Every structure is written in structure tokens, then in C-alpha cells.
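Remember, it's a predicted structure, so these values are computed and weren't measured experimentally. Numbering of residues begins at 1 and proceeds along the displayed sequence.
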Amino acid sequence: MQEEDKGLYGKISSIIYTNEENGYTVLKLETPDGALVNVVGTLPSAYPGEELHVSGEWVTHPTHGLQFKSEFAERSLPRTKEDIYSYLASRAVKGIGPATAALIVDKFGDKTLEVLENSPEKLSGIRGISLPRAEAMSRDFRRQAGLRRLMEFLCEHRLGPLLAVRLYRFYGEQAAEVLSADPYILAAPHIGGSFEDADRLAFDLGGDADSPQRCRAAAVFELRHNASNGHCFIPTEKLAAATAQFIHIETEAAAGAIASLAADGTLVRTSLAGRDVCYLASLYEAETRVAERLIAMAGSGVPRSDVEGVLDALERSRGVKYAPLQREAVRLAANSRVMALTGGPGTGKTTSLRAILAVYDALGIETLLTAPTGRAAKRMGELTGREAATIHRLLGAAFAEDGEGVVFSKDAGDPLDCGAVVLGECSMVDISLMDALLDAMPPEARLVLVGDADQLPSVGPGRVFADILKSGAVPSVRLTEIFRQAGESRIVSYAHAINAGECPPFTANRGDFFLLRRREPEAAAETIAELFSLRLPQKMGIPVQDIQALSPTRKGPAGTAALNRRLQAALNPPVPGKNEKIFGEITLREGDRVMQIRNNYDMIWQRVSAGGVIEQGAGVYNGDTGIIIGIDNAAETLTVDFDGRIAELGFDALIELEHAWAVTVHKSQGSEYRAVLLSLADAAPRLMTRGVLYTAVTRARELLIAVGDESAARRMVANHVQSRRYSGLRIRLREAREK
């Protein structure tokens, strides 16, 4: 059999496992020579009796041995009476079991499936089958037939079957028709194909290089691609040029496509500060709504409150002395509907926030605390002694039915039940998430925005917090005084030096900031692994779970990918009885530290105790970290403990996980760790920036050890060229304020 490397042909003997959600299937295929072969892959609605011609590759599973991994499959319905019975008896069609299958096949023989699809009324002539039941059987069979035909259509064009599952989920029996009319629907986010896949299909179907459809699709793709890089809009002339270059057409053709998209509302073309710009419609609406709501909140008053007495009482009871700027922040929070509080490490943001919460309590204002990520929310809760939730969880996030983005159960029609919302780590919030939060705010509620404006901006589009502060449209306080206890920390003082453009003096290794010089990246990676697994736990008593390795980059010998391989080998090596799953280029193993890298609003989780389940919910979000506590290779599932929330993932969802002993600085935003091991090695210039170094240093609470070449740190401090983001929020806020 192994010599048939290009494919296998045979008849499905049995189904071992299938995931109804995504079609992932494990089956036994009987080849013409009578051999039984395990076949795995995306084969939705596959049943015994069907004939398969699969192409792919042979792989060796650590538990199940040799099996054939299907990439493409041509499927044929069973043709003989015996095979049709096997197919229907396996409950391939809802409402038909072994007994009913025997009656139907006995009556119609090898014409059974034709009758089932086209003449269900004939089935009602069989005793026990009513006409409504026969019609229901026929509908289910036609659904499966439609999916099968769609898969066959895609396979003819060398497109994977998983795309067929997604297309059928959203477009049903019209999927093939929709796809033929617009092949570029493949590249839409809810389907997940590449533009190259869509383009190849379009050409296969007779499309032209400069067809309006292709030009329009390329322009939309460019806008989406740039949104993923942080841009809310693109200047029209740049969009036309980028589109033309992307698909090798004339700029005039691209400009015509942009005009067409603007005319039908797919994108918004507008003037911003005298410049012709283009937005995806959703981002334009989000940006304009955020500006309008913030201006409305900043312009509406609240009853004046004298908080001086409350602050004096807090100073006495808590043994603190509030600095003038901290008192000003509390006054603003008490007497404004919206305010922003920013400052670097050690400047008293947390102390100010606690005072604001105490004043809100004194005023009888019920306050909700929220942050962009699970780690940031957990940290916020620990610092304030109150419950804090992620924005997604607070707003009840879920996938939109059409697959285009996310919807929230909390909005203007069903707002949050509170008098104030405090949003922490605001620099991480993109324009769409800020729009959703503002939409869910009760009409008279207050909003306090807290963050460090000098940290890296959000992963998503916009530079929301920086734009709000720079606009001057929202009352704000920037804390600048470093308090004595914090000032004794080299982590704090070096962070402020970096932010001011001064490279820390790496000559003195003492206190809480150290540099271990390693000129070669491989040596740096080896040292980080030794520190992580041996020296910090054994010599300094810092548990492994309190240590985090950071790097500006994923690539290279000292990037996160290589570091995670080293750290897995040192911290969680393979041992007999410890299950693992090879996925792509990595091996996931029970005991591994992992991070969720995509929002999954539908993932079910449970909190359990000795007495059983104490809480159940849905949603695991980008940046959540956890430990793999179970891998079931037979059931194709992996179980992760996300800080007490136990979630089970199908193997098809493993693309959403990556190892997390080492993470990029960007991924560490919003988190704080007891000890940080920072890899200082060369990387792409866009990653070797002052903001990246500043963000990395401020992730450490008690200890930071930089390992590598200090010249890399010097280059980062000197590189203060911030990546430009096309965002119109600051301009909109400033223009609205000046009206």
C-alpha cells in the first residue's frame, strides 16, 4: 500500500470518529486488495458504503501508528444494494436506522438513493413512514448531497475540504452558486481561504486579470490586511497603488474598483483633514461613533461632589499621602463622565485607582472593572481587591451568525447595569472594542480610562488611548512623580530612563535588574533555559510558574519559537505515560504551558471543585494562558486549564494554541510577572524599538534578567520611530472639541 504515495482508493468500512462541527473524521478504508487503512482528514458526512479516492500523505501517529492523512478526496455514493444498506443503516440520514434502511432498500434496491433525493413521496408507501417523515429524510439527504457536491467542486480546483464545510455552514445549498458567482468569497474572514486560493479559482472559472470583481476583491483585501496591521483607513491614492501592485493591474483599474466599492457602501471614502481616505465601513462607523460618544460624555456634566473630605479620610485610614496629581485624578473621576489616567511604572496609577473606587463607593456609584485580556483583568482584580472581567466577557461576546466578526449581547438596547466602568490597560484596546464598550454604557454612567500611553499600541486597528490623550478632548491626568519605594527599583528607574531615550547602565548587576552578556543568540537561549529551569527555582526560590521569558521576535535562535522548544525540553520532557500530540512543527504535551492566540467565543469552559462544577461559561480569548492537563488521542481532544477554567478543544482547534514559556513582548502586554527573562538578540528593525523594550521591562514585578548583547538594547532605545498608524480618532475628537 505504501507505494501508492499519491493516493488511496477504496470503500469506507467504518467510521471511528467524526467531529460534526468541522467534519474532521477518522475512518477505516477497505482497499481493493482487502486491506484496511486508517484515513484521517476533513471528510464531513462520510459513512460506510461510500467510495473514496483520497490524496495526501502517509503519517505515523504516536498512538495509532501508520495512517493516511487526506488532503483532498473524491467521493461517490454507494451503488450496490448491499453498500446502500450499509450507508443508510449507519444512520447517515436522520430518521433512518438499520430496520428502516432494510425496508427501504428491500423495496427500491439500487434506486434507493435516487428515490430518497428526488421522490420522497414514494417512501411514504412503506408502512411506518409518513409523508412528513419521508420529506424530512429527503431534506437531510439533499443537505449531505449538497455538501458532497461542493467538496467535489472544490477538490477539482485543488481546494481543501475544510473550506467546503465553512461555505456550506454559511450559505447552505446555495454555496456552490454563491461561490461560482463570486469566487473571492473564499478570502472573506468567515471562510478563511487565502486570496491566492480565491484568485486561482476565479481564473479556473474564466475570470479575467482586470475584471471589476477581481479588482474590487483585491481592494477590500488590502483594507482588511492593513486593518490587521493596525490601520483604520488608507489614503485613497495609496490604496489604489497597493491594489494595483498586489494583483498587477493598472492603477486606473484599481481606482475604478475603489469608486465602485464606495458607491455601494462596501467601503467608505471620505475626507479627513483635507485628505481623501478609504475605510472599511465597519471601522469608519466604529471610529466616528467613538468620537461622537466621547465628545458627548466629555460635554455632559454630573452633579458636583466635594471629595476632599473623602480623600482626607482615606489618607488617615490607609496611611497614605496622595500627591497633588493623584488628588486631581480623583476629582476628575468624581466630577466628569469620562476621564483618562496615565503614567509610567511607579507613578501611583494603582493607588489613584483605589482612591477613585473608594470615592465611587462613597457616592453610591456601582462600578464595573474591565480590561482587554484575561491576564490584565486578573491583575486588575488582584491590585484592587475587586472582581474584574475581560471586555469580551463583560459584554457577552459571541460569533456573528454570518461569521463576519463578533457580536455582543450588551449594547444600547441592553446596557450594562452600573454607574461607572473602569477600563484598565487602555493602550491595548482597539477602535472596534472601544466602540462596543461605549455602546453598552448606560446613558448616565461614567467611564475611567487607565493605562500607560507609552506602551505598545493595540494589536487591532487604531491607537485609541494615545489619540484620546493627544486630542485634549477628554479630561486627563498624567502622573509623573515616581514614589520613593518604586524609585528604589531599578526596573522602575530603568524603564523611565528608556522612555526618556537613555540606555540603562548595564555595568552594575544588583537589585532587581541584571544583564548577563551573551554575544551569540544560541548562548543566550541556553542561558535563559538554565535560568528558567534551574537557577531561579533552586537558587532564588522563584517557582517556574512565576517566571516568563520574553523576546521581541518569534524568529531566530533566541526568538520565542526556539526558546519554547528549549524550555519544553528542559521543563516538560517526554516521559512514559505522558500523552502528547504532534501538530505541525510542534509537539503539544500534557504539562505544557500554552497561550490562546485567537478569540474563541464559543469555547465552553467549566470551573470545578471537589464538589463538582461550580461555574460554566463560554469564551477563551487571545492572550489567555493555561496548562495542558489532558490529551485524548482517540477522541482527538485536548484539555487546558486556563487559570481555573477547564476547556476542551478538538484537535482542529489546535491552530489557536501555541507554547507560552516564552512569548513575544507584544503578546505580554497587560500582564505582569514576578520574574522576566528578556532575550536581547537582533531582530527586524520594526521590532527593535524603544516602545518594545519599555514594554518588556515594565512586565517584571520583582526581577528582570536581560540575557544577550547590550548593543541590542542600545539600538532599541535609539529607535524611537513609532510605526505610523492611519487613525482618524484624534483628528475627529479635536475637530469636535473645537466646534
So for atom NZ, which belongs to Lys578, do other residues, nucleotides or ligands contribute more than 12 heavy atoms lying within a distance under 6.0 Å? yes

Value for OG1 (Thr639) from CG (Leu649), rounded to nearest 0.5 Å, stands at 8.0 Å

Between Gln213 and Tyr184, a side-chain donor and acceptor under 3.5 Å: no

Using side-chain contact (heavy atoms from CB on, under 4.5 Å), reason through Leu638 and Asp632 one step at a time and then give a plain yes or no. CA-CA 6 Å; Leu638 181 147; Asp632 188 331; over 6 Å; no

Taken to the nearest 0.5 Å, the spacing of Ile586 CD1 from His659 NE2 works out to 5.0 Å

Stepwise side-chain contact (heavy atoms from CB on, under 4.5 Å) test for Leu280 and Thr266: CA-CA 7 Å; Leu280 290 171; Thr266 303; over 6 Å; no

Verify, without hydrogens or angle tests, whether Glu615 (side chain) and Arg645 (backbone) share a donor-acceptor contact under 3.5 angstrom. no

For a 4.5 angstrom cut-off between non-hydrogen side-chain atoms, does Leu395 reach Asp411? no

NZ of Lys122: more than 12 outside heavy atoms within 6.0 angstrom? no

For Val640 and Ile646, run side-chain contact (heavy atoms from CB on, under 4.5 Å): C-alpha distance rounded to whole Å, both residues' side-chain angles, the deciding distance at 0.1 Å, then the answer. CA-CA 6 Å; Val640 182; Ile646 310 300; over 6 Å; no

Under 3.5 Å: donor-acceptor pair, side chain of Thr390, backbone of Thr370: no

Side-chain heavy atoms of Glu285 within contact of Arg289, under 4.5 Å: yes

Decide, yes or no, whether a salt bridge links Lys81 with Asp110 under the criterion of side-chain N to carboxylate O below 4.0 Å. no

Ion pair Arg214/Asp182, N-O distance below 4.0 Å: no

Run the salt-bridge test on Glu51 and Arg79 with the 4.0 Å N-O cut-off and return the result as yes or no. yes

Is the number of heavy atoms from other residues, nucleotides or ligands within 6.0 Å of CG (Asp417) greater than 12? no

Exercise: do Asn622 and Gln596 side chains pair donor with acceptor under 3.5 Å: no

Can you tell if the side chain of Leu113 reaches within under 4.5 Å of the side chain of Phe141, non-hydrogen atoms only? yes

Could you check whether any side-chain N or O of Asn633 sits under 3.5 Å from a backbone N or O of Glu580, counting only pairs where one atom can act as donor and the other as acceptor? yes

Glu590 side chain to Asn579 main-chain N or O, any donor-acceptor pair under 3.5 Å? yes

Flag the pair Arg589 and Asp592 as a salt bridge only when some basic side-chain nitrogen lies within less than 4.0 angstrom of an acidic carboxylate oxygen. no

Output, in order, the C-alpha distance, side-chain angles, deciding distance and verdict of side-chain contact (heavy atoms from CB on, under 4.5 Å) for Trp58 and Val37. CA-CA 11 Å; Trp58 290 95; Val37 178; 3.7 Å; yes

When rounded to the nearest 0.5 Å, the distance separating NE2 of His53 from OG of Ser70 is 10.5 Å

Residues which pass ring pair (Phe, Tyr, Trp, His ring centres under 6.0 Å) with Phe153, listed by chain and number, not counting sequence neighbours: His157

Is the backbone N or O of Phe583 less than 3.5 Å from a side-chain atom of Thr587, with the two atoms forming a donor-acceptor pair by type? no

Are Asp83 and Lys11 within salt-bridge range, i.e. N to O under 4.0 Å? yes

Just wondering, are more than 12 heavy atoms of other shown residues or ligands nearer than 6.0 Å to CD1 in Ile655? no

Side chains of Ile249 and Cys215: closer than 4.5 Å at any heavy-atom pair? yes

Side chains of Tyr85 and Pro78: does their closest heavy-atom pair fall under 4.5 Å? no

NZ/Lys28 to OG/Ser14 distance, rounded to the nearest 0.5 angstrom? 6.5 Å

Do any N or O atoms from the side chain of Arg133 and from the backbone of Gly128 form a donor-acceptor pair under 3.5 angstrom? yes

Spell out, as yes or no, whether a donor-acceptor pair under 3.5 Å connects the side chain of Gln606 to the backbone of Val608. no

Under a 4.5 Å cut-off applied to non-hydrogen side-chain atoms, are Tyr47 and Glu50 in contact? yes

Heavy-atom side-chain contact between Glu222 and Leu239 under 4.5 Å: yes

Donor-acceptor pair, Ser138 side chain versus Ala134 backbone, under 3.5 Å? no

Please verify the inter-ring angle class for Phe246 with Phe195; under 30° counts as parallel, over 60° as perpendicular, anything in between as tilted. tilted

Validation row: Leu27, Leu29 side chains within 4.5 angstrom (heavy atoms): yes

Report yes or no: does Asp33 contribute a side-chain atom to a donor-acceptor pair with the main-chain N or O of Ala35 at less than 3.5 Å? yes

Derivation and outcome, side chain to side chain donor-acceptor pair (under 3.5 Å), residues Ser432 and Asp430: CA-CA 6 Å; Ser432 299; Asp430 64 36; 4.5 Å; no

Using a 3.5 Å distance criterion without hydrogens, assess whether the side chain of Ser211 forms a donor-acceptor pair with backbone atoms of Gly207. no

Is the ring pair Tyr621/Tyr601 parallel, tilted or perpendicular, if the boundaries are 30 and 60 degrees? tilted

